Number of protein chains: 2
Amino acid sequence: MNEEQWLEELLKFNGEDGKLSEKQMKILEAAIEMFAEKGYAATSTSEIAKRAGVAEGTIFRHYKTKKELLLAIVTPTLLQSVAPFLAKEFAKEVFEHQYEHYEDFVRTVWKNRYEFVKKYLPAIRVFWQEVAFHAEIKKQLETVFTAHVYEKFKKIVLYFQEKGEIADFPVESVIRLTITTIAGFFATRFIIMPDYDWDDEAEMERTIQFLMNGLRKKEA
Amino acid sequence: MNEEQWLEELLKFNGEDGKLSEKQMKILEAAIEMFAEKGYAATSTSEIAKRAGVAEGTIFRHYKTKKELLLAIVTPTLLQSVAPFLAKEFAKEVFEHQYEHYEDFVRTVWKNRYEFVKKYLPAIRVFWQEVAFHAEIKKQLETVFTAHVYEKFKKIVLYFQEKGEIADFPVESVIRLTITTIAGFFATRFIIMPDYDWDDEAEMERTIQFLMNGLRKKEA
DNA sequence: TTTAAAAATGAGTGAGTACTCACTTAAAAA
DNA sequence: TTTTTAAGTGAGTACTCACTCATTTTTAAA
């Protein structure tokens, strides 16, 4: 997969469905790289222009402000991050026994998101670094999470709790522990210790084993 | 505990053991608040001076550069964050059966760090927000972690693994899963969803139960 | 080939930026 | 009381910032 493709794939949620010009893609590429490295506030538009090989004015032809450029990166990244939960068939698949156990569901999400994080790491970095500073981004995250992720996740958890497969913690706690465990691996693996000699398959097995034992329903 | 005290307590690791002048403390307070809110790069020294009620020049009398001011906040915060592991008696306590089970150890760390996070949240925010952008901070974190936290944590885990209390995962994995689970709660509780109606005691109980079941050694 | 529209340019702009320095004020030492 | 030292000041400095706009270049239509 070449450079143009991954960017267009990431951005396919960005509203403007038309193709991006070559210069526009160079701008986005450069901005993602530099925002990820130095942060949004510490990156100047002139630096972005230089790295992208365009004039500074060209940036402002496509994005009215620097912040609009940030949002053009961050919004599609958020939507792609939760993409599995946005699919209409998603929750249905669970109830039609696509996944016999909660573990099957966790494994599917894990593998799917593992590929995603690997591919779009810089854009994901930008998202999480800047969500702390920009109210618009935080609001987007909250909206997307409550409207899509939480609702569907809840149904899935309730389903497996009724089957007696996982502990009778409050659904919110089960969701939190599941996400925390998976995201905790990704954060350690890709952000905190990316240079450590990871055995990804083995670590996934251990982590999922840990998660399932932690959530397993105990006999009364 | 009044404002002066908490700041001085946080900073008691900062090398200069002498007391801070009133204006100096106002500067640090203002800087912590504003760095936490808007980020280091987006906060100007003139704004800090205004909020602290001092002249801009006063900041640069105490800190040669803006970055030195950041490090004066971030370094003591890192050291306080891992304070329990810095105590000489710490590992010894474990082997002299201060903690009969791994769970006792986890509970002690949890409660201790819970109070800490609650008290110094803004400074902790600054640390984690800026560690991504400043190589010096990242290096400090690595040094402190490998020299103090990892070494002692490892001994504790090995001890309870030999007792057959926790699973024979690699020590690194046990440490990662433990930290991830505890830090995952703190991050959700204080950063991601601070306004949610938390029952901290109950959530701690569930999380520790989850962690211990996840790590428990299975019969062969 | 001419003309019109769109895209790209980069020098220019005013509002900041981190930091300096000659100076004043306050406290401590002599 | 006089002198020394330190803390605090704020206007000034060189420079960078996001953003603009008159002009040129490229593309497409006629």
Side-chain angles (χ1 to χ4, degrees), chain A residues 4 7-8 11 14 16-35 37-74 126 130 133-137, chain B residues 4 7-8 11 14-35 37-74 126 130 133-134 136-137:
Chain A
E4 286 84 37
L7 233 182
E8 289 195 347
L11 299 181
N14 71 347
E16 29 167 338
D17 35 19
K19 290 241 169 190
L20 298 154
S21 75
E22 202 179 315
K23 304 228 166 191
Q24 203 167 350
M25 282 201 328
K26 286 277 181 197
I27 290 168
L28 285 167
E29 258 180 70
I32 290 173
E33 281 172 29
M34 306 198 68
F35 288 166
E37 262 175 49
K38 329 194 327 170
Y40 169 78
T43 304
S44 69
T45 50
S46 72
E47 286 176 293
I48 296 170
K50 195 182 279 179
R51 162 113 46 140
V54 303
E56 203 174 346
T58 308
I59 294 175
F60 290 96
R61 166 154 316 275
H62 293 289
Y63 307 97
K64 279 200 284 288
T65 62
K66 189 188 169 192
K67 188 156 220 164
E68 203 174 88
L69 170 60
L70 173 67
L71 292 176
I73 292 164
V74 140
V126 174
E130 299 306 328
F133 304 134
H134 307 269
E136 317 89 305
I137 303 181
Chain B
E4 286 83 36
L7 231 182
E8 288 195 347
L11 300 180
N14 72 345
E16 28 168 338
D17 35 19
K19 290 242 171 189
L20 299 154
S21 77
E22 202 180 313
K23 304 227 165 191
Q24 202 167 352
M25 282 200 327
K26 285 277 180 198
I27 290 168
L28 284 167
E29 256 180 72
I32 290 172
E33 280 172 30
M34 306 198 67
F35 288 166
E37 262 174 49
K38 328 195 327 169
Y40 168 78
T43 304
S44 70
T45 49
S46 73
E47 286 175 292
I48 296 169
K50 196 182 279 179
R51 162 112 47 139
V54 303
E56 202 174 347
T58 308
I59 293 175
F60 290 96
R61 169 151 316 276
H62 293 290
Y63 307 97
K64 279 201 283 289
T65 62
K66 188 187 166 191
K67 188 157 218 163
E68 203 173 87
L69 170 60
L70 173 66
L71 292 175
I73 291 165
V74 141
V126 174
E130 299 306 326
F133 303 133
H134 308 270
E136 318 91 303
I137 303 181

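The sequence lines fix the lettering, A, B, ..., with proteins before strands; numbering per chain opens at 1. All figures in this text were calculated on a predicted structure; none of them were measured in a lab.
In this structure a side-chain-to-backbone donor-acceptor pair under 3.5 Å is missing from A/Thr58 to A/Val54.
Residue pairs meeting the salt bridge (charged side-chain N to carboxylate O under 4.0 Å, His left out) criterion with at least one member in residues 54-65 of chain B, sequence neighbours excluded: B/Lys64-B/Glu68.
Taking A/Lys66 as the reference, nothing meets the salt bridge (charged side-chain N to carboxylate O under 4.0 Å, His left out) condition, with sequence neighbours excluded. For A/Lys50, there are no side chain to side chain donor-acceptor pair (under 3.5 Å) partners, not counting sequence neighbours. Qualifying side chain to side chain donor-acceptor pair (under 3.5 Å) partners for B/Lys38, counting only residues two or more places apart in sequence or in other chains: B/Glu47.
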Taking Watson-Crick and G-U wobble contacts under 3.5 angstrom, with | marking pairs to another strand and [ ] crossing pairs, the secondary structure of DNA chain C is written .||||||||||||||||||||||||||||.

Check the pair B/His62, B/Lys23 against side chain to side chain donor-acceptor pair (under 3.5 Å), reporting the backbone distance first and the verdict last.
CA-CA 10 Å; B/His62 293 290; B/Lys23 304 227 165 191; over 6 Å; no

- Task: In sequence, state the C-alpha distance, the side-chain angles, and the governing distance for A/Glu29 and A/Arg51, and then conclude on salt bridge (Lys or Arg N to Asp or Glu O under 4.0 Å).
- Result: CA-CA 9 Å; A/Glu29 258 180 70; A/Arg51 162 113 46 140; over 6 Å; no

Letter by letter from the 5' end, nucleotides 6-20 of chain C scores (B base, S sugar-phosphate only, - none; protein heavy atoms under 4.0 Å) -SBBB------SBBB

